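In this text, all values refer to a predicted model and were calculated from it rather than measured experimentally.
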Amino acid sequence: MPASVKKRYLVTAALPYANGPLHIGHLAGAYLPADIYTRYQRLMGREILFVCGSDEHGAAITMRARKEGVSPREIVDKYHVLIRDTFQKLGIAFDIYHRTSEPLHHQTSQDIFRKLLEKGHFEERETEQYYDEIAGQFLADRYILGTCPMCGNPDAYGDQCEKCGASLSPDQLLQPRSALSGAMPIKRLTTHWYFKLNEHEAWLREWINTGQLDGKQLHDPATWKAHVVGQCNSWLDQGLQPRAMTRDLDWGVDVPPEIPHAEGKKLYVWLDAPIGYISATKQWATEHYDNWERFWKSDETALIHFIGKDNIVFHCLIFPAILRAHGEFILPINVPANQFLNLEGAKLSTSRNWAVWAHEYLEDLPGREDELRYNLIKNMPEQRDSEFTWKGLQETTNTELVANLGGFIQRVFVLLHKNYGGLVPQANWEQIFRSGWDAEQYITIDRELFALAKKLEAMGAEVERFQFRDALRTLMEISSAGNALLQFNEPWKATPERVEEVRAVLFTAIQYAVALSVAMRPFLPFAAARLRAQLNLLPFEDGGELVALINDLLEGNPVLWPNHPVGLPEHLFSRLTDEVVEKQIQKLHTAQPPTPAEAPPSSDSAYPPLKKTIPYEVFEQLDLRVATVVDAQKVEKADKLLRLTVDLGFETRTIVAGIAQHYTPEQVVGRQVLVVANLAPRKMRGIESQGMILMAEDAQGHLCFVRPDEGWPHGFSVR
RNA sequence: GGCGCGGUAGCUCAGCUGGUCAGAGCGUAUGAUUCAUAAUCAUAAGGUCGGGAGUUCAAGCCUCCCCCGCGCUACCA
């Protein structure tokens, strides 16, 4: 069943994580498409609810709070406000921007947890987990620091190394330490609830690929993006595993306290975050004396999740599985995830501060929200990663917004004032003139307006297919056709014998301007409102203006009647100067990594901190030896591993080293190296590694060998 | 290493189930025009659709191999 036949829509945009500001990648990824879609549907007179909110739980926030010496509450309050205001200033028009720290959300999440437990969708598992005896608590993955086994970064987190991007598990960290106390964590038993995701694999596969569930056609898989379906199948093919839905944390939604072993446990942030969509809906319903269930529990609702590609698995597999396991909720009819936006040729990076922060843009280029929106839509990463450049922003602003669109509006208003004192002229509908769509064609007003209506319909169809770039282009074709209409008919040459013709042309042109004012709104809400005022029309109410307009045009009715007085000509957009653009490019290239107070947590500092002092006896236990690499081979099916054969003089050993991305086998054969010779052997990719090669690492994570002077004898110890 | 998505004109990108699919916008060139923020309109430029092989009457669009980018995943003492 296509979305267009549903009675109402529920649109969600990924909940921003409240420990950092928004950047243009977030906007292009989820919020702009969601906003365009929502605004469009409102203009089409459809019932649509657009919910979002701050995601305020999770270990990253508590980590950050600890680092800055403030409470998690202070962190989330700060970013909740910043993000909310940024959205508002950019015209992202949520019906509600909620937050997951609200009691309503906690309650909602707990209710769902209870229901899942009650229905047997969890299994309780006792596992060993790191525990900090000094702090007296279990350590979330994020709370365990250690040396990254991939790149040697000494400050890798238990779930991820931010330096090399590797995803890790705490057990992989070398020299694990607690982020709370610095103590060496110990293993201790803890209980968690695992959602049996594996039991949902079969129906998820069918639902994703065919749109069918329980014999019902819930969506048309052809309307889903290829990369979304592909990503899901990739996961499904690897087999879904039960996932822990609780954590040992002190910030988040409590596991319902009446449940045995619940003490000290919180819901996993990825369980509670999407539930935030539901609690946001509830909050909205409460405020509007409405019923939230008609949005979440009715087949008449089309649920659409707008997200970036990093969220596909949660929104297409895990959350749907939870919704269905619960049993009362509908599933999304589409998850039009976007890919990533790059910036000036490189990936966005918050830790390197390679980004355009939305709140800074608003400060640096005030009043240019629509220009940013336009460029981001034009370059939206709908099918693949795409790119934002400042030059590109300047170009689209100056050529498409100022020259084409702004120019057309300006011309119409000027001509209307010059010729008719600012009143819409009375026009003869029999009058023939050249079509703006084709100079060779002579046409009448109604035919021209019909063509306009068709264009608006085409634009709408593109929006409904989530093809926002195409829709934007179609919008601009209207403006171009308007320009052509003027160009072909030259209404500035109002000779006496052309009076009727000029009237008809300008009458048509102002109808185009009205149509643009409405059709622009999803993309350029601020300029649309300005144009609306300039046209001397009532402000938008988001109550079906576009559908009314299209119907009028199709029926051959004008959308602005003769003698309607329009406002004075006023430029809709202004040019973006080289100066402004250069300054931003400068800023980007000279940007310092953000200060701790401004930055998301990051391990970037010039030098890794010193580890704690150890007694000599500990050092003495190390047996370091000089050795020569006599053979090196790439390990099958491993990108980072080399299997080295090293000669210690008194014996030859096999050592597996994670250096394949830094050295080719040829480069290492014959080198003298230092070896930790008494390290417990360990199997890697099926090969037993009998020691470890010492490597030095720089700030970028590059590795080099540590070795003695040329020709030093083998096998003797290092001290 | 495995899997997924991409690799199309100088730039940014469209191309649905194979047969007007070789395209759009910007940039460039030429011409027209002056109502308009040197804005607008028209026309053109010819890119072996990453490389190679294959299937087909017909392939950017299907198959196989290789190369490159991004993402997920495995490996990492």
K.L.:
Once you apply a heavy-atom cut-off of 4.0 Å, does A:Leu472 come out as touching a base, just sugar-phosphate, or nothing?
P.N.:
nothing

K.L.:
What residues form a side chain to side chain donor-acceptor pair (under 3.5 Å) with A:Gln511, not counting sequence neighbours?
P.N.:
none

K.L.:
In whole angstrom, give the distance that lies between atom CG of A:Leu405 and atom C1' of B:rG25.
P.N.:
15 Å

K.L.:
Using side chain to side chain contact (heavy atoms under 4.5 Å, CB included) as the criterion, list what pairs up with A:Ala528, not counting sequence neighbours.
P.N.:
A:Met520, A:Arg521, A:Phe540

K.L.:
Pick the P atom in B:rG6 and in B:rU63, then give their distance to the nearest Å.
P.N.:
12 Å

K.L.:
Scan A:Val414 against the nucleic acid and name what it touches under 4.0 Å (heavy atoms): base, sugar-phosphate only, or nothing.
P.N.:
sugar-phosphate

K.L.:
Name the pairs: protein N/O against N/O of nucleotides 1-4 of chain B, kept only if under 3.5 Å.
P.N.:
from, atom 1, to, atom 2, distance (Å)
B:rG1, N7, A:Asp639, OD1, 2.8
B:rG1, N7, A:Asp639, OD2, 2.9
B:rC3, O2', A:Ser234, OG, 3.1
B:rG4, O2', A:Gln231, N, 3.3

K.L.:
Please list, chain by chain and in numerical order, all residues satisfying side chain to side chain contact (heavy atoms under 4.5 Å, CB included) with A:Ala28, sequence neighbours excluded.
P.N.:
A:Leu341, A:Leu376, A:Pro381

K.L.:
For residues 394-404 of chain A, which residue pairs pass the salt bridge (Lys or Arg N to Asp or Glu O under 4.0 Å) check, not counting sequence neighbours?
P.N.:
A:Lys378-A:Glu400

K.L.:
Please measure how far the P atom in B:rC75 lies from the corresponding atom in B:rC67, and state the result in whole Å.
P.N.:
24 Å

K.L.:
Considering every strand and a 4.0 Å limit on heavy-atom distances, what is the contact class for A:Gly691: base, sugar-phosphate, or nothing?
P.N.:
sugar-phosphate

K.L.:
Under 3.5 Å, which N/O atoms of the protein pair with N/O atoms of nucleotides 40-44 of chain B?
P.N.:
from, atom 1, to, atom 2, distance (Å)
B:rU40, O2', A:Arg411, NH1, 2.9
B:rU40, O2', A:Gln487, OE1, 3.1
B:rU40, O2, A:Gln487, OE1, 2.9
B:rU40, O2, A:Gln487, NE2, 3.2

K.L.:
Output all residues satisfying side chain to side chain contact (heavy atoms under 4.5 Å, CB included) with A:Phe488, sequence neighbours left out; order by chain, then residue number.
P.N.:
A:Arg434, A:Ala439, A:Ala484

K.L.:
With a 4.0 Å cutoff (strictly under), does any side-chain N or O of A:Lys391 reach OP1 or OP2 of B:rG27?
P.N.:
no

K.L.:
When you measure from the side-chain N and O atoms of A:Lys347 to the phosphate of B:rG69, is any distance below 4.0 Å, counting only OP1 and OP2?
P.N.:
no

K.L.:
If you look at every strand shown and take non-hydrogen atoms under 4.0 Å, does A:Val656 touch a base, only sugar-phosphate, or nothing?
P.N.:
sugar-phosphate

K.L.:
Distance from A:Ile478 atom CD1 to A:Asn404 atom CG, nearest 0.5 Å?
P.N.:
11.5 Å

K.L.:
If the condition is side chain to side chain contact (heavy atoms under 4.5 Å, CB included), which residues does A:Val499 pass it with, not counting sequence neighbours?
P.N.:
A:Arg503

K.L.:
Going by the salt bridge (Lys or Arg N to Asp or Glu O under 4.0 Å) test, which pairs reach into residues 482-491 of chain A, not counting sequence neighbours?
P.N.:
A:Glu490-A:Lys493

K.L.:
Would you list the protein and nucleotides 8-15 of chain B atom pairs, both N or O, that sit under 3.5 Å from each other?
P.N.:
from, atom 1, to, atom 2, distance (Å)
B:rU12, O2', A:Asn379, OD1, 2.7
B:rC13, OP1, A:Glu387, N, 3.1
B:rC13, O2', A:Arg469, NH2, 2.9
B:rA14, OP2, A:Arg384, NE, 3.3
B:rA14, OP2, A:Arg384, NH2, 3.3

K.L.:
For A:Gln584, which residues count as a side chain to side chain donor-acceptor pair (under 3.5 Å) partner, sequence neighbours excluded?
P.N.:
A:Asp364

K.L.:
Whole angstrom is fine here: how far is it from CD in A:Gln241 over to P in B:rC72?
P.N.:
19 Å

K.L.:
Where along residues 500-516 of chain A does a heavy atom come under 4.0 Å from RNA chain B, residue by residue in number order?
P.N.:
none

